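Quick notes on the structure that follows.
Labels below follow one simple rule: chain letters A, B, ... track the order of the sequence lines, proteins then strands, and each chain is numbered from 1. Hydrogens, waters and symmetry mates play no part in the numbers below; they use all other heavy atoms, side chains included. Quick caveat, the model's predicted, so the values are computed rather than measured.
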Amino acid sequence: MDKKMHPTPMLDELESGPWPSFVTGLKRLAGENPMVVDLLGQLETSYRTRKGYWKGGTVSVFGYGGGIIPRFTELKDADGKPQFPDAAEFHTLRVMPPAGMHYSTDILRKLCDSWERHGSGLIAFHGQSGDIMFQGVRSENVQAAFDEINELGFDLGGAGPAVRTSMSCVGASRCEQSCYDEGKTHRTVINSFLDDIHRPSLPYKFKFKFSGCPNDCMNSIQRSDMAVIGTWRDNIRTDEALARKYFAAHGLNDLVNDVVNRCPTKAIRLVKATEAKAGPSVSMVKLSDEHALEIENRDCVRCMHCINVITGGLAPGADKGATILVGGKRTLKIGDLMGTVVVPFMKLATDEDREKLVDLAKRIVDFFAENALEHERIGETIERIGLVNFLEGVELEIDANMVATPRTNPYVRTDGWDEEVARINAKKSQAA
Amino acid sequence: MATATATPRRAIECGVPDNTSFLHPVLKRNYGNWKYHDRPRPGVLHHVSHSGEEVWSVRAGTQRQMDVHTIRTLCDIADTYAEGHVRFTIRSNIEFMVGEESKVAPLVEALTKAGFPVGGTGNSVSMIAHTQGWLHCDIPGTDASGAVKALMDELYHEFIREDMPNRVHLSTSCCEINCGGQADIAIIIQHTKPPKINHDLVANVCERPAVVARCPVAAIRPALVNGKPSLEVDEKKCICCGACYPPCPPMQINDPENSKFAIWVGGKNSNARGKPTFMKMVASGIPNHPPRWPEVSEIVKKILYTYKEDARPWERLSDWVERIGWPRFFEKTGLPFTKYLIDDWRGSRASLNASAHIRF
Ligand code: HEM
Ligand code: SF4
Ligand code: SF4
Ligand code: SF4
Ligand code: SF4
């Protein structure tokens with residue numbers, strides 16, 4: 001196949017320089033696939049005119065309502081004929097990645113072979129939502145392309161007003177900070193929502209993300225409607241050999257400036273090694289024969305900083321689980337929102353624990369489906385109705401960990417106060 | 001090319017695949033049992049398990065939008081120099097895992113020779129989280145992959161080294177929806193003029209009440225234009241956000257001349273030290289100038305190198321600004337502080353200085 005290349009003087013400039021060039025990759029594909037020749041033609045036109053030329057539409061696979069992003073060209077001549085006909089249809093398949101985005105070369109090669117047969121040969125690892133994006137397929141080939149990917153064990157992700165594709169961090173598979181099995185949890189939760197992924201019928205999108213610790217490598221707090229962030233309840237664990245190794249390499253100045261002074265709650269104290277001791281809520285580690293650290297774990301907010309600096313010397317505790325936050329999103333419509341705490345801690349050690357998480361997620365998505373306005377994210381719903389109404393709706397108890405501060409204005413009717421106190425006390429004595 | 005089958009096959013709704021068969025054997029054996037890690041050199045992570053087993057991961061940058069040949073090249077490298085297992089990071093870097101230290105150097109060399117920069121670990125500038133742009137989105141004001149390629153060419157040396165005070169995450173977004181996400185430094189299209197409406201098309205293409213509801217400032221109202229039902233925009237109210245454009249493409253917001261770039265800084269998702277922070281707009285009015293967007297690179301580099309010079313160890317960009325204060329940030333970077341950078345959206349009073357804390 002040698003369809004003549006269109007001149008691409010502007011894109012050509014993106015072939016030089018040390019970073020790998022997607023233009024060079026596209027040109028390689030263009031040698032075999034006329035679709036990519038025309039894709040380059042349209043892209044060069046965009047570079048010249050500074051305009052986009054794709055429009056959406058409806059394309060799907062049998063049985064699913066979402067997961068394909070349809071793209072039809074709008075770059076047409078006077079008679080309405082596409083200027084770049086071989087790329088007139090250039091749809092994307094959003095495909096859910098395995099947890100932690102691990103692959104064998106064997107599966108990658110199979111995915112490549114299949115996509116070369118049915119599509120353009122262009123694949124993005126990965127979209128910002130986590131999807132493997134198989135970019136560029138004609139309408140008539142969408143079903144066959146999906147069928148093969150599906151036979152390889154992969155499934156379409158979300159698009160539109162649906163539960164969306166999710167991501168989890170590398171976590172337990174290769175990170176010492178991991179506080180739960182991110183991969184298993186990710187898979188268990190998402191695979192409980194396949195109907196809501198494949199058949200979009202929510203008010204708007206709903207995203208889950210899974211990070212194994214408060215470093216939040218998946219950016220779940222800012223980018224997901226429900227964030228599952230690993231944490232622990234007991235004391236920070238210590239390893240004297242590794243702590244001594246850090247100290248030997250860095251010395252006292254770094255220790256004070258980089259570790260002790262940077263603890264956000266001043267939970268860490270530098271003490272004489274001879275006087276240092278661990279306690280029920282105090283972690284202690286000797287750094288040398290002279291110096292030791294004591295951490296008051298009741299003051300520690302599990303920010304991860306000291307653990308990141310003295311990795312291994314300090315480590316998350318053993319009583320691990322996760323904090324659940326709800327409502328993170330970017331600007332549209334009411335402004336940026338961070339996720340905020342709705343469950344300070346839950347265990348995620350067993351299948352039973354994970355089922356409890358699924359159950360909570362279902363209650364939240366159901367509440368969202370029933371109460372959100374069209375095109376409203378759950379964070380916006382909570383902003384509109386107040387956290388307390390949301391918590392009641394999803395049957396969660398309030399907790400002082402859910403606020404940065406108690407209210408700062410008196411605009412509230414409090415004549416239910418005594419009953420509320422009585423209810424809380426009754427609940428407490430029942431639990432005791 | 002294959003055609004669709006006559007009777008469509010029913011999908012196997014298998015959802016998220018099980019990753020167990022893709023995991024490197026050392027990762028599988030030590031799942032949940034890792035003890036610590038260190039970085040023998042930029043681009044290489046060395047993890048040690050409580051069992052005593054070790055694994056080395058070599059990280060390399062990719063162009064994210066990859067042709068199958070590039071992916072096969074990476075697979076060839078993984079099969080020849082590594083052990084057949086790879087993973088991708090959230091920033092589109094690829095990682096190759098090996099169980100023996102002696103394999104690291106040849107692997108690094110093979111990657112470098114094939115044109116994949118080894119780095120992106122620790123205190124480096126990692127790959128830019130980015131979006132689709134002109135290549136595939138239906139609403140972009142600019143490109144994504146090209147802008148990223150141009151900028152990463154300039155930041156190549158910061159990717160392969162670990163010379164920053166702390167890690168630096170960048171993102172780019174080709175509309176204000178900001179799929180690229182929060183970052184230490186983010187580059188985002190900022191429209192500066194209200195949408196231009198093609199009234200002939202509105203009635204056919206747009207669900208008018210839905211479009212009216214989409215506007216964050218209630219600037220859109222239904223109207224009859226030239227006898228046809230259409231929409232009109234109160235241009236005094238309009239904040240040029242572009243939210244009306246996806247549901248109603250005849251409300252064209254992209255404008256080759258007037259859609260500019262804005263730069264935002266100080267987004268941090270990690271809880272380390274202070275709580276997570278949103279990024280703040282610090283520059284705007286930067287021209288959309290393909291194929292290499294030199295004006296954008298200029299400002300990004302100015303901010304980046306001022307931070308590199310001035311921040312203390314472990315300070316992310318947001319931590320640095322918290323210490324030196326915003327006046328000094330603008331002074332040191334030479335960026336003008338204009339009235340457009342004072343927030344007036346809901347809750348904006350929280351961004352004002354409600355104290356007598358002034359640095360001199
Ligand atoms: C027609 C409208 C839209 C289209 C075509 C679209 C398309 C996309 C695409 C292609 C991605 C993946 C980008 C990539 O990784 O390369 C994406 C991600 C994203 N989109 Fe949209 N989008 C649209 C509307 C919106 C709206 C209205 C919002 C916000 C209110 C939004 C928020 C996001 C966010 C935050 C991401 C990043 C995902 C993440 O955080 O994991 N998008 N979008
Ligand atoms: S979020 Fe925590 S557990 Fe997960 S990869 Fe990052 S540091 Fe490791
Ligand atoms: S993890 Fe705890 S002790 Fe360590 S720096 Fe953060 S708050 Fe302080
Ligand atoms: S940032 Fe905007 S233009 Fe770019 S891919 Fe996302 S939705 Fe499309
Ligand atoms: S650009 Fe934004 S503010 Fe202006 S009319 Fe459209 S939605 Fe409203």
Side-chain angles (χ1 to χ4, degrees), chain A residues 10 13-14 17-20 22 25 28-29 46-47 50 52 54-56 62-63 96 98-99 101-105 108-109 112 116 121 124-125 128 143-144 147 150 153 155 172-174 176 183 187 190-191 194 214-216 219 221-222 258 262 264 303-305 311-312 330 332-333 335-336, chain B residues 2 4 8-9 11-17 19 22-23 27 31-32 34-36 47 62-71 75 78-79 84-88 115 134 136 138 140 145-146 149 152-153 156 178-179 181-182 216 243 256 269-273 276 278 288 290-291 313-314 345:
Chain A
M10 292 186 96
E13 286 190 45
L14 292 171
W19 195 259
F22 73 104
R28 212 157 17 193
L29 292 174
S46 283
Y47 269 63
R50 289 183 279 173
W54 298 112
K55 71 168 196 276
F62 182 66
M96 292 197 272
M101 293 167 172
H102 296 272
Y103 300 93
S104 61
T105 51
L108 287 179
R109 289 182 199 277
C112 286
E116 201 170 38
F125 284 96
Q128 294 303 324
Q143 184 71 45
D147 286 346
N150 194 211
D155 198 358
S173 68
R174 203 203 55 203
E176 64 272 20
R187 188 158 178 255
I190 296 305
N191 288 357
L194 292 178
N215 280 326
D216 194 6
N219 197 348
I221 192 167
Q222 293 161 333
D258 296 350
R262 290 209 182 277
C303 86
M304 292 303 293
H305 175 74
T311 169
R330 183 57 173 138
L332 271 179
K333 171 180 172 179
D336 300 60
Chain B
R9 162 186 168 278
I12 306 164
E13 294 201 41
C14 50
V16 179
N19 68 8
F22 305 140
L23 286 178
L27 303 194
Y31 198 90
W34 295 98
K35 186 176 179 196
Y36 75 98
H47 285 87
T62 75
Q63 59 271 57
R64 188 178 85 135
Q65 323 275 0
M66 286 183 280
D67 58 295
V68 288
H69 306 294
T70 298
I71 300 168
C75 288
D79 287 337
H85 296 269
V86 298
R87 66 173 295 272
F88 289 89
W134 289 326
H136 205 258
D138 57 349
S145 324
K149 158 72 178 153
M152 285 314 290
D153 278 343
Y156 179 81
N178 179 221
C179 303
Q182 296 277 335
N269 54 290
S270 164
N271 286 271
R273 301 169 305 285
F278 284 131
N288 184 10
W314 292 95
W345 188 245

Which residue out of [options] racks up the most heavy-atom pairs below 4.5 Å with chain B?
options	result
Ala124(A), Cys303(A), Gly153(A), Pro98(A)	Cys303(A)
Ser104(A), Gly183(A), Gly56(A)	Ser104(A)
Leu194(A), Asn219(A), Asn215(A)	Asn219(A)
Ile190(A), Asp336(A), Thr311(A), Leu14(A)	Leu14(A)
Gly17(A), Pro18(A), Pro264(A)	Pro18(A)
Gly335(A), Gly25(A), Gly52(A), Gly63(A)	Gly25(A)

In Å and rounded to the nearest 0.5 Å, what is the [atom1] to [atom2] distance from [X] to [Y]?
X	Y	atom1	atom2	answer
Gln128(A)	Cys179(B)	CD	SG	8.0 Å
Arg64(B)	Phe22(A)	CZ	CZ	11.0 Å
Arg187(A)	Cys14(B)	CZ	SG	9.0 Å

Between [Y] and [X], is there a side-chain heavy-atom distance shorter than 4.5 Å?
X	Y	result
Leu27(B)	His102(A)	yes
Arg28(A)	Thr70(B)	yes
His69(B)	Glu116(A)	yes
Thr62(B)	Pro20(A)	no
Asn191(A)	Glu13(B)	no
Ser173(A)	Leu23(B)	yes
Arg262(A)	Trp314(B)	yes
Tyr31(B)	Arg174(A)	no

Residue part contacting chain A, namely of Trp345(B), when any heavy atom lies under 4.5 Å: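 Answer is side chain: those atoms of Trp345(B) sit under 4.5 Å from chain A.
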Interchain contact, His85(B) with chain A, by part (heavy-atom threshold 4.5 Å):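 Contact with chain A involves both backbone and side-chain atoms of His85(B).
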Carboxylate-amine/guanidinium proximity below 4.0 Å for Lys55(A) and Asp138(B):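 Looking at Asp138(B) together with Lys55(A), the answer is no, because their closest N to O distance does not fall below 4.0 Å.
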Side chain of [X], backbone of [Y]: donor and acceptor closer than 3.5 Å?
X	Y	answer
Asn271(B)	Pro214(A)	yes
Trp19(A)	Tyr156(B)	no
Asp67(B)	Gly121(A)	no

Judged by modelled atom types alone, do [X] and [Y] share a side-chain donor-acceptor pair under 3.5 Å?
X	Y	value
Thr105(A)	Asp79(B)	yes
Arg9(B)	Asn150(A)	yes
Arg330(A)	Asn178(B)	yes

Side chain, backbone, both or neither of Ile221(A) within contact of chain B (heavy atoms, under 4.5 Å):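 Interface part for Ile221(A): side chain.
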Residue among Cys75(B), Ala243(B), Pro140(B) with most heavy-atom pairs under 4.5 Å to chain A: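 Max contact count across the listed options: Cys75(B).
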Partner chain A: residue of Ser145(B), Gly115(B), Gly181(B), Gly32(B) with the largest heavy-atom pair count (under 4.5 Å):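 With the most close heavy-atom pairs to chain A, the winner is Ser145(B).
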Full working for side chain to side chain contact (heavy atoms under 4.5 Å, CB included) between Cys112(A) and Ile71(B): CA-CA 8 Å; Cys112(A) 286; Ile71(B) 300 168; 3.5 Å; yes
Residues that Phe125(A) engages under ring pair (Phe, Tyr, Trp, His ring centres under 6.0 Å), provided they are two or more places apart: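 Residues passing ring pair (Phe, Tyr, Trp, His ring centres under 6.0 Å) with Phe125(A): Tyr103(A), Phe88(B).
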Shortest non-hydrogen separation from Pro17(B) to Met96(A) and the atoms involved: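 That closest heavy-atom pairing would be CD-O, 3.8 Å.
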Non-hydrogen atoms of Ala99(A) and Val16(B) that approach each other most closely: N-CG1, 4.2 Å
Full working for side chain to side chain contact (heavy atoms under 4.5 Å, CB included) between Val86(B) and Leu108(A): CA-CA 10 Å; Val86(B) 298; Leu108(A) 287 179; 3.6 Å; yes
Working for side chain to side chain contact (heavy atoms under 4.5 Å, CB included), residues Met304(A) and Arg273(B): CA-CA 8 Å; Met304(A) 292 303 293; Arg273(B) 301 169 305 285; over 6 Å; no
